[in-house]
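One structure is given below, encoded as structure tokens.
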Amino acid sequence: MPKINHKENGQWTFFTASLKLVSSVSTLFSMPERRPFVRLPTDVYPVNYGLRLKPDLIDFTFEGKLEAAVEVTQGTNQIVMNCADIDIITASFVPEGGDEINATGFNYQNEDEKVTLCFPSTLQKGAGSLKIDFVGELNDKMKGFYRSKYMTASGEIRYAAVTQFEATDARRAFPCWDEPAIKATFDITLIVPKDRISLSNMNVVDRKPYPEDHSLVEVKFATTPIMSTYLVAFVIGEYDFVESQSSDGVTVRVYTPVGKAEQGKFALEVATKTLPFYKDYFHVPYPLPKIDLIAIADFAAGAMENWGLVTYRETALLIDPKNSCASSRQWVALVVGHELAHQWFGNLVTMEWWTHLWLNEGFASWIEYLCVDHCFPEYDIWTQFVSADYTRALDLDALDNSHPIEVDVGHPSEVDEIFDAISYSKGASVIRMLHNYIGDEDFRTGMNAYLLKFQHKNASTEDLWECLEQASGKPIAAVMNSWTKQMGFPIIVVDQEQHGSDRVLKISQKKFCASGPRNDENCPNWMVPISICTSEDPSCTKMKVLLDQPETTVNITNVAPDHWIKINPGTVGFYRIQYSSAMLESLLPGIRDLTLLPVDRLGLQNDLFSLARAGMISTVEVLKVMEAFVNEPNYTVWSDLSCNLGVLSSLLSHTDFHEDIQEFIRDLFTPIGMKLGWDSKTGEGHLDALLRGLVLGKLGKAGHKATLEEARRRFKEHVEGKQILPADLRSPVYLTVLKHGDSTTLDTMLKLHKQADMQEEKNRIERVLGAIPAPDLIQRVLNFALSEEVRPQDTVSVIGGVAGSSKQGRKAAWKFVKDNWEELHNRYQGGFLISRLIKLTVDGFAIDKMAAEVKSFFESHHAPAAERTVQQCCENILLNATWLKRDADHIHQYLLQRKAPPV
């Protein structure tokens, strides 16, 4: 499964805030007792699933027949399988060459999502066939075999039947051994209305009329390779498609809603470039004859890598040349790259158990950037990685309630919880660090060996380390275990002395905590690959060391006294840095004169902001550094600055000088805003479009007068149809007019939402509606979030938009979530959307008692899939409160003094 889009209001925003905290936090929110969990017995395992399914798109039920070729490894009188929300009608076992034995009982263990089929006599060792007839429901929970609502051109509401099985929901579509290591082949037949398209992992081999009902057809698909149940998929609905062939002969199709085939062309172009890129990178060909990418109306995640049939949210696949903005194109490119990487890494070689999920997701989250960089070098995507994944993972992993990359998971409810920023973003960040440490050539050699050794099988993290170790000759397992098996990361403390023409560095490591330094006796250590560069050539690493002890001294020859030294060039190592004040002073001019690389300007500022949140330096120091970015040309650097100022602005919304930080934001962003202007110029590219949207949105939201007036003028012309806003300006304009708008503005926006034909435009509006300031209108937006007008998976971003826009919005959103908890939990139960909803709603509070309130609410309203999220949020609230108490007065003084006329 791919990452969820964290792009709100047309920019990347991260919902973490971490600061100085009492050490009792971890005891305050101790993890509840884990449920007992046992994996399936191994006395019977499947070799092939013959599966026939007949969905009813009117009554939302389905009938199924399973005929599975199985192997009995030791005599038993029962078969235990996974099964959830399914009623078994009959079951029998036929031993090879023997008589049919009917099951005499079905014992459902609903809590564990298992069923035990009991037989009157012992099933003997050897091959046999298990036959099960069953019925189930096409649910509306966006998991298992479910229904997805869409509207025809004439306005009629219809439903498609689609699947989402990862992690543990294949068992909602058919009884199966639903564990990633129990692989088998699949022969799938679907009985469907003849005017509907039906798709599965493989190509169609036969299509014939269904004898019992001439309005139906029986569609048979080719046998799959050996694969895990969570990757099986089928879709029945109405779609158009565009088709192409990759240079290595694979048929690629992108399926779109009817009448929107053109919107599939961009993804098709990305997919046809990506398949050969991966084939070349891995030295292993794509193993299936075709791959389909399909846009699903109601879809919880961003996309899902089902082998040969990848499902997507519409906004992660469809691009309209006229109405899609640059950030949407980029998002589609990344998600397509991510899911296609899984076709090898995850599908061909699969993790042995969910403990190793991070390998799948971390790897795909890293290589998607490599792939996009190959397809679109003009995106400068690796710099964006640092802002979008790397810093986000650092923020989350500094919490006491973080978790190691590798987590022992058992019960299905625990699996959903690890689809988080640690598995994806920290996973990707440590793989990027590893790739840099090994070098591309040895990395590829090791990857190829790993894929060839384990293809069609299962592997664990250790298996990959072994292959990379053999290829590189470096101690990969020893280095990487310190990053995957223990949570957190180090802060590298650096000081220097000049000895003649040599520079001597003293480097030490200790665990970085969001709540500030701890004097723990048993402080963990990491094996840290450290690179060092100098001002002589900021883009070239002068020296590499592996820090494998608490501290070390490094001697760098031929460094002039007036040259600076920078640790971690390229911001690749997964750690924070604290320089001595003299070293920091020497680096800061590199921000102003741009001699530091963009990614290093970003990293320096982000480290300082994080140190301020942890109480290790004053927030005022960071504000001073931020003012040095006035000449900054790079989009991603601005984007990261903007995020951090957003966190600060949110924090200071709890004070009476919120307006002063808005003025600071206006002052910082005005010069770049003036330089960019409103209209794109010839010769501009992707990043200019992203930067303009970011800066105008920031200025508009902060109440910059000229920006607000121009936004209102352009909005009026847009609404009247005189001059349609270019897609890249819509988010900033919508946000600006709403932030300073009234009920008429909100009515107009809701009308635009209703008229929008494209999901991207609907989402764009949904994400900014919460900016409306009046309390009664905020309530209207919240009610709108749960209305039929908003797709179920998008309700979360509407509520999140309200919570993130103002102090009043945060209070109202939290009350709304509490008042409507039953409906919301029922809608998203178990999935990661419930975690996301909680995080977006409460993470911004900054009063101690709110942490207690949130904790007590979730003690009486259980959300098992969000337990860790709740703990992280409570920790963040306490951290925010501590930060505010500690630094608010200093910040206020500084902001006042900036405005004071010089004496």
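Side-chain contact of S539 with D537: a donor-acceptor pair under 3.5 Å is present, judged by distance alone. Donor-acceptor pairing under 3.5 Å is lacking for the side chains of Q872 and D843. Checked by atom type, the side-chain pair N360/H342 shows no donor-acceptor distance below 3.5 Å. Side-chain contact, N763 with E760: no donor N or O sits under 3.5 Å from an acceptor N or O. Side-chain atoms of E305 and H338 include no donor-acceptor pair closer than 3.5 Å. No side-chain donor from either of T869 and R836 sits under 3.5 Å from a side-chain acceptor of the other. A donor-acceptor contact closer than 3.5 angstrom links the side chains of Y734 and H718. Side chains of Y390 and N606: no donor on one and acceptor on the other come within 3.5 Å. Defined by atom type and a distance below 3.5 Å, a donor-acceptor pair is missing between the side-chain atoms of E761 and N323.
Formation of a donor-acceptor pair under 3.5 Å by the E632 side chain with backbone atoms of N634 is found in this model. At least one donor-acceptor pair under 3.5 Å links the side chain of T274 to the backbone N or O of V270. R767 places no side-chain N or O within 3.5 Å of a backbone atom of V798 that could act as its donor or acceptor partner. No donor-acceptor distance shorter than 3.5 angstrom exists from the side chain of R392 to the backbone of S425, with no hydrogens or angles considered. Side-chain N or O atoms of S805 include one that pairs as donor or acceptor with a backbone N or O of G770 at under 3.5 Å. The main-chain N or O of A421 is never found under 3.5 Å from a side-chain atom of K426 such that the two would form a donor-acceptor pair. Between the Q343 side chain and the E339 main chain, a donor and an acceptor come within less than 3.5 Å of each other. No donor-acceptor pair under 3.5 Å is formed between the side chain of K260 and the backbone N or O of M758. When atom types are taken as modelled, the side chain of Y635 and the backbone of Y379 share no donor-acceptor pair closer than 3.5 angstrom. Between the side chain of S387 and the backbone N or O of Q384, no donor-acceptor pair lies under 3.5 Å.
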**Request:** Check step by step if side chain to side chain contact (heavy atoms under 4.5 Å, CB included) holds for K705 and R666.
**Result:** CA-CA 10 Å; K705 207 160 180 269; R666 293 195 295 267; over 6 Å; no
**Criterion side chain to side chain contact (heavy atoms under 4.5 Å, CB included) on L334 and I381, from CA distance to verdict** = CA-CA 10 Å; L334 284 168; I381 202 75; 4.2 Å; yes
**Request:** Test T256 against E314 for side chain to side chain contact (heavy atoms under 4.5 Å, CB included), laying out the working first.
**Result:** CA-CA 8 Å; T256 72; E314 289 185 5; over 6 Å; no
**Asked** When you look at S246 and K273, which way does the side chain to side chain contact (heavy atoms under 4.5 Å, CB included) test go after all the steps?
**Response** CA-CA 7 Å; S246 71; K273 276 188 186 170; over 6 Å; no
**Message:** For a salt bridge (Lys or Arg N to Asp or Glu O under 4.0 Å) check, start with the C-alpha distance between D395 and R576, then their side-chain angles and the critical distance, and finish with the verdict.
**Reply:** CA-CA 10 Å; D395 282 342; R576 297 273 185 207; 3.3 Å; yes
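Residues A813 and V802 come closest through the heavy atom pair CB-CG1, 4.2 Å. Heavy atoms only, all atoms of each residue included: L317 and A295 are closest at CD2-N, 3.5 Å. Of all heavy-atom pairs between P257 and L318, the closest is CD-CD1, 3.6 Å. Of all heavy-atom pairs spanning T541 and S531, the tightest one is CG2-CB, 3.7 Å. Between A514 and L399 the shortest heavy-atom distance is CB-CD2, 4.1 Å. Taking each heavy atom of A428 and W366 in turn, the nearest pair found is CB-N, 3.7 Å.
We find the CE-OG1 distance between M674 and T707 to be 8.5 Å, quoted to the nearest 0.5 Å. Rounded to the nearest 0.5 Å, atoms CZ (F784) and CD1 (I765) are 8.5 Å apart. The line from CG of D728 to CZ of R692 is 8.5 Å long, rounded to the nearest 0.5 Å. The distance from atom CG of L604 to atom NZ of K566, rounded to the nearest 0.5 Å, is 6.5 Å. Once rounded to the nearest 0.5 Å, the distance linking CD of E717 with CD1 of I724 reads 10.0 Å. Residue D679 holds its CG atom at 9.5 Å from CD of E684, rounded to the nearest 0.5 Å.
Taking 4.0 Å as the cut-off between side-chain N and carboxylate O, K322 and E262 do not count as a salt-bridged pair. Salt bridge R713/E710: present, at least one basic N to carboxylate O contact under 4.0 Å. Using a cut-off of 4.0 Å between Lys/Arg side-chain N and Asp/Glu carboxylate O, K762 and E789 are scored as not salt-bridged. Taking a cutoff of 4.0 Å between a charged side-chain nitrogen and a carboxylate oxygen, D667 and R898 qualify as a salt bridge. Between K265 and E269 there is no salt bridge, since none of the side-chain N atoms of the basic residue sits less than 4.0 Å from a carboxylate O of the acidic one. Between R313 and D298 there is no salt bridge, since no side-chain nitrogen of the basic residue lies less than 4.0 Å from a carboxylate oxygen of the acidic one.
When side chains are defined from C-beta on, T670 counts as touching H704, because their heavy atoms get closer than 4.5 Å. Counting heavy atoms from C-beta on, the side chains of N631 and R592 come closer than 4.5 Å. Between N644 and L648, the closest side-chain pair of non-hydrogen atoms is not below 4.5 Å. Between I799 and T841 the shortest side-chain heavy-atom distance falls below 4.5 Å. For the pair S328 and I319, the minimum side-chain heavy-atom distance is below 4.5 Å. F266 places none of its side-chain heavy atoms less than 4.5 Å from the side chain of P321. With a 4.5 Å cut-off on side-chain heavy atoms, I431 and W358 count as touching. Residues E368 and V372 have side chains not in contact (no heavy-atom distance under 4.5 Å, counting atoms from C-beta outward).
Ring pair F376/F277: centre-to-centre distance not below 6.0 Å. Taking the six-membered ring wherever Trp is involved, the centroid distance between the rings of F489 and Y575 does not fall below 6.0 Å. Side-chain rings of F669 and W638 approach one another, their centers coming within less than 6.0 Å. Y281 has its ring centre no less than 6.0 Å from the ring centre of H374.
Among T571, T595, T383, N568, the single residue meeting the side-chain hydrogen bond (donor to acceptor under 3.5 Å, both in side chains) criterion with D600 is T571.
The number of heavy-atom neighbours closer than 6.0 Å to NZ of K681, taken from other residues, nucleotides and ligands shown, is above 12. Few gaps surround CD on E659; more than 12 heavy atoms of other groups in view lie less than 6.0 Å from it.
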